[in-house]
Amino acid sequence: MIAQNPYELFRQECQTAIAGALKKTLPDIEQPTISLKKTPNIDYGQLASSLCFELAKKLGVKPLALAQNLVASVDKSRFDLIEKVEPAGAGYINFYVDFAKFSALTLKSIRKLDKEYGFVKTEVPKKVIVEHTSVNPLHPIHIGQARNPMLGDALARILQCRGHSVSRHYYIDDVGRQSSVVAYGYAKLGKPKPTEKSDLFVGKIYTVTSCIVEINRLKRLREKACISENADDLIKINKELDEWVSIAAELQEKFPVLFMALTAKIGEDENPEEEINRLNRAYEDGQPAAKELIREVSDLCLDGFRATMKRVGVTYDSWDWESDFVWTPQVNEVMTKLQATPFIFNEKGVLQFDADKATKTLDLKGKLGLSANNEVPPLTLVRADGTTLYTTRDIAYTIWKFKHAEKVINVIGMEQSLAQLQLKLALYAMGYAENADNLVHFAYNLVTLPGYKMSSRRGHYITFDEVLDEAVNRAYQEVCKRSPMLSEEEKRNIANFVGLGAVRYALVDVDSGKPVVFTWERVLNFETNSAPYVQYTHARACSILRKAEREAENPDFALLSERLEKELILNLAGFADMFIEATEYLKPNMIADYANVLADKFNTFYNAIPVLKADSQGLIDARIALTKAIQVVMRNTLNLVGVTAPERM
RNA sequence: GGGCGAGUAGCUCAGUACGGAUAGAGCAUCAGCCUUCUAAGCUGAGGGUCAAGGGUUCAAAUCCCUUCCCGCCCGCCA
């Protein structure tokens, strides 16, 4: 017999056993739902029910007495995996698994299913779009943004293993002033060829251009304020100007040549800000010259992103340009449809979506879990000049996504929770209730640096590439220290997957709702509870299997009687439970936790119990089979979060 | 002011959706283990009023209410 989820088989037997016992001893009562939980401790058996506590109260008897009665009427012989059933504590019913059979079932299943073990397929496979990363193509991806692709990619991987058809989408936000700013600077420089990694190159142009233009704008404002003798405005403007001037000084020192060149070129324009606005409008209008220019800069930046993401094993199936939704009638269609609803109002000539009215009219508060006094603020849809806003365009994009998928998961920071809620409400308002139901905002908390405020505008950021480089460097130091005998090539190779793995793991390891404070010590941790720790453990298991020089030919699984061995079997058998839960509740951090626990248990086992020098051939083979199973499951787990499982390190 | 998210050991975090048996790890500190399958490892010690208070329950870190504290959002930005 082979099972994707051995624990589930045992659970079903226990459930049937209790149901039967209830029917026999208490034929008159309605069958309660029987929940079985994993026990806190192997001594309490492997599954336990606390149903006697609830039932005893209704029946007016003692829980323990009830448990004893139920246990007495279980006919064990009808079940395969149940070794014994016992009443325990104040009224628990504890089920003990027959380890000889359960170990055989679990280890044979893992051996047989190998790369597929534990990936229980969903009964309702769907087409799913996971939109993630979607960093604006203005500057390199920085560490504050890098948690997004790590989470998004892990989600895509687990959903795919669950049997969904997953498509990874990158939404390119190329509509908006910022893109015009960088394109303006790029054009002023005469569209130079990048002399370094292209996103880094674009990022410098963006920061410097934006700074020069901003100073120019503020100076004009100041003139106006002087003329109108508005003292309050003047103070404010001067303060802002001071700040930008200090940024300019920094940038001038960091990139003197670029700064000089851009200052000179931009100086030729009477009003750079107006030039940028003109470019922006031209782009939204789809004028060929503007299209060519902005797409060119954006593509340069995206090339850099692709290279960065490839390093960590993240790829995308679709690159969706926001501008495409503006150039085609899609955004206009959204506006037409929304205007036909009773939720649009006009304030000072600007169209707004009354999100709160929509929730009330369509009775959505309960459904969406909004508290009664949660008044959802209105959403402005278009500017006075008729151009659209980000969320309006996002509505069109979302509708498009649902033409290609039944479920859409947006991996977007929690600071955009309100906008994502308004977007969802707009879908309901437009009659796309089913789509709205299947739209998920996967919100995650920010990555921050202690004592360092990252700012794209100031050019203050640590790029993801820098973090990866540093991770690989530190890993290399570590490899040299620990394994000086290896060849240079091997050292480099190991350093690479260790460093990259450490970063990926560190960014998915923490619950997505909690903030991650970025420190090198945290991200480049090579000890317990890190990718390197799990990788090392995997390599250790591989090493045993190599030295064994044989398959587990005649294993006697009944001999796996050590407590640690049983715990390991239980962990392996419960892999599918964990996987299903992580996927259904979108909790990729559970995967990392599981890997760490399994590695922990194996290392304890490794130190305490010999595999190849065990007492009998039957036991040796059983332990080889156990080691093999651990290696397979650990590898499957690491792959779920995109971390390499090495055979040596 | 309103909304959302968080508060668990000195530090970083599991556990909370679905209430169950003595609240778990790692880091740091201290004491040990490499002629034995990879020491990126293992063993042991100390460290907790689960933010505070109240409530529901046979049972609360977990559910409900109140308060405190921190972060984010409430733009004709994205």
Side-chain angles (χ1 to χ4, degrees), chain A residues 33 35 37 39-41 43-44 48-50 53-54 56-57 62-63 88-92 94 134 136 173 175-178 322 347-352 370-371 373-378 380-385 387-391 393-394 413-419 421 443-446 448 475 478-479 481-483 498 509-511 513-517 519 521-522 525-530 532-537 539-548 581 584-585 587 589-590 593 596-597 599-600 602-614 623-624 627 648-649:
Chain A
T33 50
S35 81
K37 291 236 158 167
T39 55
N41 181 320
D43 299 326
Y44 295 135
S49 172
S50 57
F53 293 106
E54 304 146 44
K57 205 171 163 234
K62 288 219 160 82
Y92 292 96
N94 291 344
S134 302
N136 296 358
D173 175 23
V175 180
R177 234 185 73 90
Q178 293 169 311
E322 187 176 13
E347 196 179 72
K348 293 176 204 156
V350 168
L351 289 180
Q352 311 238 30
L370 304 173
S371 59
N373 49 353
N374 187 349
E375 273 191 38
V376 186
T380 305
L381 296 164
V382 286
R383 298 190 183 89
D385 67 3
T387 57
T388 53
L389 275 89
Y390 176 82
T391 307
R393 301 188 293 262
D394 204 4
M414 55 180 264
E415 72 279 3
Q416 291 201 48
S417 293
L418 176 59
L421 175 63
Y444 62 93
N445 218 316
L446 299 169
T448 55
E478 210 68 19
V479 177
K481 203 166 72 194
R482 295 170 201 272
S483 315
V498 165
D509 172 47
V510 178
D511 185 297
K514 292 193 175 169
V516 169
V517 178
T519 59
E521 303 84 73
R522 172 193 199 115
N525 171 22
F526 296 135
E527 294 174 348
T528 307
N529 202 1
S530 71
Y533 173 72
V534 181
Q535 288 174 315
Y536 176 74
T537 311
R540 266 183 152 180
C542 287
S543 172
I544 292 182
L545 296 171
R546 254 194 322 271
K547 293 234 160 88
E581 198 180 327
E584 296 306 306
Y585 294 101
K587 296 177 82 166
N589 58 307
M590 285 184 69
D593 280 348
N596 188 55
V597 169
D600 247 343
F602 179 72
N603 278 318
T604 307
F605 166 82
Y606 181 96
N607 271 272
I609 297 167
V611 174
L612 303 177
K613 290 184 179 161
R623 285 184 180 156
I624 289 175
T627 305
R648 293 170 204 267
M649 68 182 269

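Protein chains get the first letters and strands the later ones, always in sequence-line order, with residue 1 at the start of each. Reckoned from all heavy atoms, side chains included, excluding hydrogens, waters and symmetry mates.
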Who pairs with Asn603(A) by side chain to side chain contact (heavy atoms under 4.5 Å, CB included), at least two apart in sequence or on another chain? Tyr533(A), Thr537(A), Arg540(A)
Atom CD of Gln416(A) to atom C1' of C72(B): distance rounded to whole Å? 12 Å
Is Tyr533(A) close enough to C42(B) that one of its side-chain N or O atoms is under 4.0 Å from OP1 or OP2 there? yes
Contact summary for Thr380(A) and Leu389(A), nearest pair of heavy atoms: O-CB, 4.1 Å
Length of the line joining Asp509(A):CG and G15(B):C1', which is rounded to integer Å: 14 Å
Across the strands shown, which category fits Arg623(A) at heavy-atom distances under 4.0 angstrom: base, sugar-phosphate, nothing? nothing
Between Tyr390(A) and Met590(A), which residue's closest nucleotide on RNA chain B lies nearer the 5′ terminus? Met590(A)
Nucleotide N/O to protein N/O under 3.5 Å, stretch nucleotides 32-39 of chain B:
from, atom 1, to, atom 2, distance (Å)
U36(B), O2', Lys613(A), NZ, 3.4
C37(B), O3', Lys547(A), NZ, 3.1
C37(B), O2, Leu612(A), N, 3.3
C37(B), N3, Val611(A), N, 3.1
C37(B), N4, Tyr606(A), O, 2.6
C37(B), N4, Ile609(A), O, 2.4
U38(B), OP1, Ser543(A), OG, 2.0
U38(B), OP2, Ser543(A), OG, 3.0
U38(B), OP2, Lys547(A), NZ, 2.6
U38(B), O5', Tyr606(A), OH, 3.2
U38(B), O2', Tyr536(A), OH, 2.3
U38(B), O2', Arg540(A), NE, 2.9
U38(B), N3, Met649(A), O, 3.0
U38(B), O4, Met649(A), N, 3.1
A39(B), OP2, Arg540(A), NH2, 2.4

Measuring to OP1 and OP2 of G2(B), would you say a side-chain N or O of Ser371(A) lies under 4.0 angstrom away? no
Spacing of Asp511(A) atom CG relative to U8(B) atom C1', expressed in whole Å: 14 Å
Since syn is defined as within 90° of 0, does C27(B) count as syn or as anti? anti
Heavy-atom closest pair, residues Gly413(A) and Tyr444(A): N-CE2, 3.3 Å
Main-chain N/O of Ala88(A) paired to Asn94(A) side chain as donor or acceptor, under 3.5 Å: no
Under the rule for side chain to side chain contact (heavy atoms under 4.5 Å, CB included), what residues qualify as partners of Met414(A), not counting sequence neighbours? Ser417(A), Ala443(A), Asn445(A)
Please tabulate the protein-to-nucleotide N/O contacts below 3.5 Å involving nucleotides 16-23 of chain B, giving atom names and distances.
from, atom 1, to, atom 2, distance (Å)
A17(B), N6, Glu581(A), OE2, 2.3
G20(B), O2', Tyr92(A), OH, 2.1
G20(B), N7, Ser50(A), OG, 2.9
A21(B), O4', Tyr92(A), OH, 3.3
A21(B), O2', Tyr44(A), OH, 3.2
A21(B), N6, Asn94(A), OD1, 2.8
A21(B), N1, Asn94(A), OD1, 3.3
A21(B), N1, Asn94(A), ND2, 3.3
U22(B), O4, Asn41(A), ND2, 3.1

Side chain of Pro377(A) only, heavy atoms from C-beta on: which candidate in C74(B), C42(B), A14(B) is closest? C74(B)
Identify whether any heavy atom of Asn136(A) sits under 4.0 Å from a base atom; if not, whether one sits that close to sugar-phosphate; answer base, sugar-phosphate or nothing. sugar-phosphate
Given that Val516(A) and Arg383(A) both sit by RNA chain B, which one's nearest nucleotide is further toward the 5' end? Val516(A)
Nearest-Å distance once atom C1' is located in both C50(B) and A6(B): 14 Å
Distance between the C1' atoms of C18(B) and C70(B), in whole angstroms? 29 Å
Grab the two heavy atoms, one from Ala90(A) and one from Pro63(A), that are nearest each other, plus how far apart they are. O-CB, 3.4 Å
Could you tell me how far C30(B) sits from A23(B) if I compare only their P atoms? Round to whole Å. 27 Å
Thr39(A) and Asn41(A): side-chain donor and acceptor closer than 3.5 Å? no
Rounded distance (Å) that lies between atom P of A40(B) and atom CD of Gln535(A): 14 Å
Base, sugar-phosphate or nothing for Val498(A)? Non-hydrogen atoms, less than 4.0 Å. base
Do you know the tightest heavy-atom contact between Val498(A) and Pro532(A)? CG1-CG, 3.7 Å
Closest approach of Ser49(A) and Ser35(A), non-hydrogen atoms and distance? OG-O, 3.7 Å
Can you check the distance between G44(B) and U38(B), where both ends of the measurement are the P atom (answer in whole Å)? 23 Å
Is there a side chain to side chain contact (heavy atoms under 4.5 Å, CB included) between Leu612(A) and Ile544(A)? Walk through the geometry before answering. CA-CA 8 Å; Leu612(A) 303 177; Ile544(A) 292 182; 4.2 Å; yes
Main-chain N/O of Arg522(A) paired with Thr519(A) side-chain donor or acceptor, under 3.5 Å: yes
Listed pairs, N/O of protein and of nucleotides 26-30 of chain B, under 3.5 Å:
none

Whenever both distances are under 3.5 Å in a Watson-Crick or G-U wobble pair, mark it; put RNA chain B into dot-bracket that way, with [ ] for crossing pairs and | when the partner is on another strand. (((((.((.[[[[.)....(...]]]].(((((.......))))).....[[[[[..)....]]]]]).)))))....
Tell me whether Glu415(A) at atom CD has more than 12 heavy atoms from other residues, nucleotides or ligands lying less than 6.0 Å away. yes
Counting any heavy atom closer than 4.0 Å, what does Val597(A) reach on the DNA or RNA strands: base, sugar-phosphate only, or nothing? nothing
Just how far, in rounded Å, is P of C4(B) from CD of Glu375(A)? 13 Å
Nucleotide G75(B), atom C1' - distance to CD of Gln352(A) in whole Å: 11 Å
Any sub-3.5 Å donor-acceptor pair from Arg623(A)'s side-chain atoms to Ala614(A)'s backbone N or O? no
When the P atoms of A31(B) and A17(B) are compared, how many Å lie between them, rounded to an integer? 42 Å
Does Thr387(A) put a side-chain nitrogen or oxygen below 4.0 Å from OP1 or OP2 of C76(B)? no
Tell me: CZ of Arg177(A) to C1' of G75(B), nearest whole Å? 15 Å
Checking side chain to side chain contact (heavy atoms under 4.5 Å, CB included) for the pair Arg546(A)/Arg648(A): CA distance, chi angles, key distance, verdict? CA-CA 10 Å; Arg546(A) 254 194 322 271; Arg648(A) 293 170 204 267; 3.5 Å; yes
Give the rounded distance in Å between these two atoms: CE of Met414(A) and C1' of C74(B). 14 Å
In short, Asp509(A) meets Asn589(A) closest at the heavy-atom pair O-CB, 3.3 Å
Looking at the rings of Phe526(A) and Tyr536(A), which for Trp means the six-membered one, are their centres under 6.0 Å apart? no
